[in-house]
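Written out below as C-alpha cells is the structure these notes cover.
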Amino acid sequence: MSQSKPKILLIYTGGTIGMVKDFKTGVLRAFDFKTLLEKIPELQLLDCNIDTVSFKEPIDSSNMNMEYWIQIAEIIELNYNEFDGFVVLHGSDTMSYTASALSFMLENLAKPVVFTGSQLPIGDLRTDAKENLITSIQVASLQTEGKPTIKEVCLYFEYKLYRANRTTKINAEHFQAFASLNYPDLAESGVHLKINNKFLFKPDLEKRLIVHKKLDENIALIKLFPGITNLVIESVFNTPNLKAVIIETYGAGNCTTEKWFIDILKKTISKGIYIINITQCSGGSVMMGHYETSNELKKIGVISGKDITTEAALGKLMYLLGQNISDKLFKITYEDSLRGEMT
Ligand code: ASP
C-alpha cells in the first residue's frame with residue numbers, strides 16, 4: 001500500500017473557471033495557474049500534492065476541437081505513471097463533448113480524470129469555481145487500498161459527480177449546469193462526500209492504458225423536425241467523404257414514414273455510410289421497432305444509439321471510425337456499451 005500523498009495533475013485548458021475579474025476595468029482575463037496555491041490557500045488543506053499544467057493559450061471551450069482533445073489525452077498519457085489522478089479545467093459550454101470523447105480515447109483507464117469548470121470566474125465574489133475545483137481535486141485523490149477509487153472520466157459540477165459520457169449541459173445560468181438523465185450520480189458532496197460505489201465503472205485492471213488519437217471527423221448530425229425537407233437531408237447526406245450520420249429522432253427513436261425519407265436512408269446505407277439513431281429527448285432510450293414509425297429503420301440497418309447522449313454519440317463515432325473496423329463489427333460495437341455510455 002502506498003504511504004505517500006496522492007499526486008494530482010491539474011490541466012487548465014481555459015474557460016470561465018480560470019478567469020479573474022480586473023476590479024478596475026471589470027474585464028475578465030486568464031489567471032496564472034502557477035500561482036494557484038497562493039490564490040486558493042484552501043487547496044493546501046487537501047491531503048494531496050498538486051502540480052499544474054496549462055494550455056499555452058487557454059481557450060474558450062466554444063473553440064474546442066479534436067486537436068485539443070488529443071492534446072489533453074497526450075498530457076494524461078505522458079503523466080499517467082507519475083500521477084494518481086487528473087483534473088481538467090474546461091469551459092462548461094462544450095465540456096460534455098470533450099469529456100465524452102476522452103472517455104473513448106482513454107481505453108483501460110484505471111485512474112480518475114475529473115472534468116470541471118464554473119459558471120462564475122474564480123475571482124468573483126459569489127463564484128462556484130472554488131467549490132468545483134476543491135471537490136474535484138478531492139475526488140481525484142480518493143484512494144481505496146492504495147489505489148484510485150475512481151477509474152473513469154467523470155465530470156464534477158455543483159456538488160455532483162457524474163459519469164462524463166452521460167452528461168449534457170442543461171443550463172446557461174444556474175450553478176447546476178449539468179445533468180445525467182440516464183445514469184445515477186457517481187457521488188454527491190454534502191456534509192459528507194458520498195460515493196455511490198456500485199455505479200462506478202470497473203475497468204479490467206490487468207489491461208494497460210491505450211490512448212487512441214486517431215479520430216475521424218467525417219460525420220454529420222441532423223435533428224429531425226416536422227417539415228424538414230428532402231433538400232436539407234440530401235445536402236447533408238451528399239457531403240463529400242461522409243462516413244456516418246447521427247440522426248436525432250423523436251421520442252423512442254421515431255421518424256416520418258414518408259417514402260422519400262426512408263429511400264434516402266436506404267440509398268445512403270447502401271453506399272456504406274453508417275446511420276445512427278439517437279433520441280432528441282434528454283432522457284430515455286431509442287427502441288427501434290417499438291412503433292411502426294421506427295420499424296423500417298430497424299429493417300434497413302440503422303444503428304441504435306439506445307440511451308446515449310448526443311455528446312457521447314459523436315465522440316464514440318469519431319473514435320470508432322478511427323479504428324477502421326469492418327461494417328458488420330461496426331454496428332455490433334457501436335450498439336455495445338464501451339465505457340458505460342449506454343445502458
Ligand atoms: N464560454 C465559456 C466556455 O465554455 C463558458 C464557461 O467556461 O463556462 O469556455
Side-chain angles (χ1 to χ4, degrees), residues 9-23 25-33 35-36 39-40 43 52-73 75-76 86-103 105 113-137 139-140 153-181 185 189 217 221 282 309-312 314-315 318:
L9 183 64
L10 205 59
I11 305 167
Y12 176 52
T13 69
T16 307
I17 190 162
M19 308 252 154
V20 277
K21 202 181 232 165
D22 185 318
F23 284 107
T25 60
V27 170
L28 290 176
R29 54 180 167 74
F31 167 103
D32 178 5
F33 263 81
T35 62
L36 186 72
K39 293 259 172 47
I40 314 176
L43 289 177
T52 60
V53 52
S54 172
F55 271 13
K56 248 194 206 111
E57 303 217 351
I59 57 161
D60 185 293
S61 80
S62 311
N63 285 320
M64 251 308 146
N65 60 35
M66 283 168 20
E67 270 138 51
Y68 289 121
W69 293 350
I70 294 169
Q71 213 174 304
I72 300 170
I75 295 175
I76 294 171
F86 302 85
V87 173
V88 184
L89 303 181
H90 192 291
S92 63
D93 289 346
T94 63
M95 196 190 303
S96 290
Y97 290 90
T98 304
S100 296
L102 262 290
S103 77
M105 294 164 76
V113 174
V114 185
F115 277 76
T116 196
S118 66
Q119 294 284 56
L120 284 176
I122 214 152
D124 198 289
L125 215 48
R126 292 184 307 103
T127 190
D128 53 334
K130 280 193 183 180
E131 200 286 318
N132 286 348
L133 176 60
I134 291 169
T135 312
S136 294
I137 297 174
V139 162
V153 181
C154 30
L155 189 154
Y156 182 82
F157 223 88
E158 190 64 2
Y159 304 110
K160 285 189 172 168
L161 182 75
Y162 310 100
R163 173 164 300 156
N165 57 31
R166 293 292 196 146
T167 61
T168 302
K169 185 172 180 183
I170 48 147
N171 203 298
E173 288 176 12
H174 291 171
F175 284 150
Q176 180 147 16
F178 289 86
S180 164
L181 289 167
D185 307 334
S189 166
E217 62 193 338
L221 170 68
S282 323
T309 60
T310 302
E311 293 87 337
L314 288 162
M318 289 181 184

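Ligands are counted one by one from 1 in listed order, and the atoms in each one are counted from 1 as well. Residues: numbered from 1 along the sequence shown.
Distance alone, capped at 3.5 Å, is enough to place a donor-acceptor pair between the Asn132 side chain and the Glu158 backbone.
Scanning the protein for heavy atoms near atom 4 (O) of ligand 1, the closest one is Ser61 OG, 2.5 Å. Ranking the protein heavy atoms by distance from atom 5 (C) of ligand 1 puts Thr16 OG1, 3.4 Å first. In terms of protein heavy atoms, atom 8 (O) of ligand 1 is closest to Ser92 OG, 2.5 Å.
When only modelled atom types and interatomic distance are considered, Ser118 and Thr16 share no side-chain donor-acceptor pair under 3.5 Å.
Between the OG atom of Ser100 and the CE atom of Met95 there is a distance of 11.5 Å, given to the nearest 0.5 Å.
Other residues, nucleotides and ligands place no more than 12 heavy atoms under 6.0 Å from the CD atom of Glu217.
Taking a cut-off of under 4.0 Å to the non-hydrogen atoms of Ser118, the atoms of ligand 1 that pass are 8 (O). Those atoms of ligand 1 that come under 4.0 Å of a heavy atom in Gly15, given as number and element, are 7 (O), 9 (O). Contact atoms of ligand 1 toward Asp60: 1 (N), 2 (C), 3 (C), 4 (O), 9 (O) (distance under 4.0 Å to a heavy atom of the residue).
The shortest N/O to N/O separation between Asp93 and ligand 1 falls below 3.5 Å.
The closest side-chain heavy-atom distance from Thr116 to Leu89 is below 4.5 Å.
Of all heavy-atom pairs between Gln119 and His174, the closest is NE2-O, 2.8 Å.
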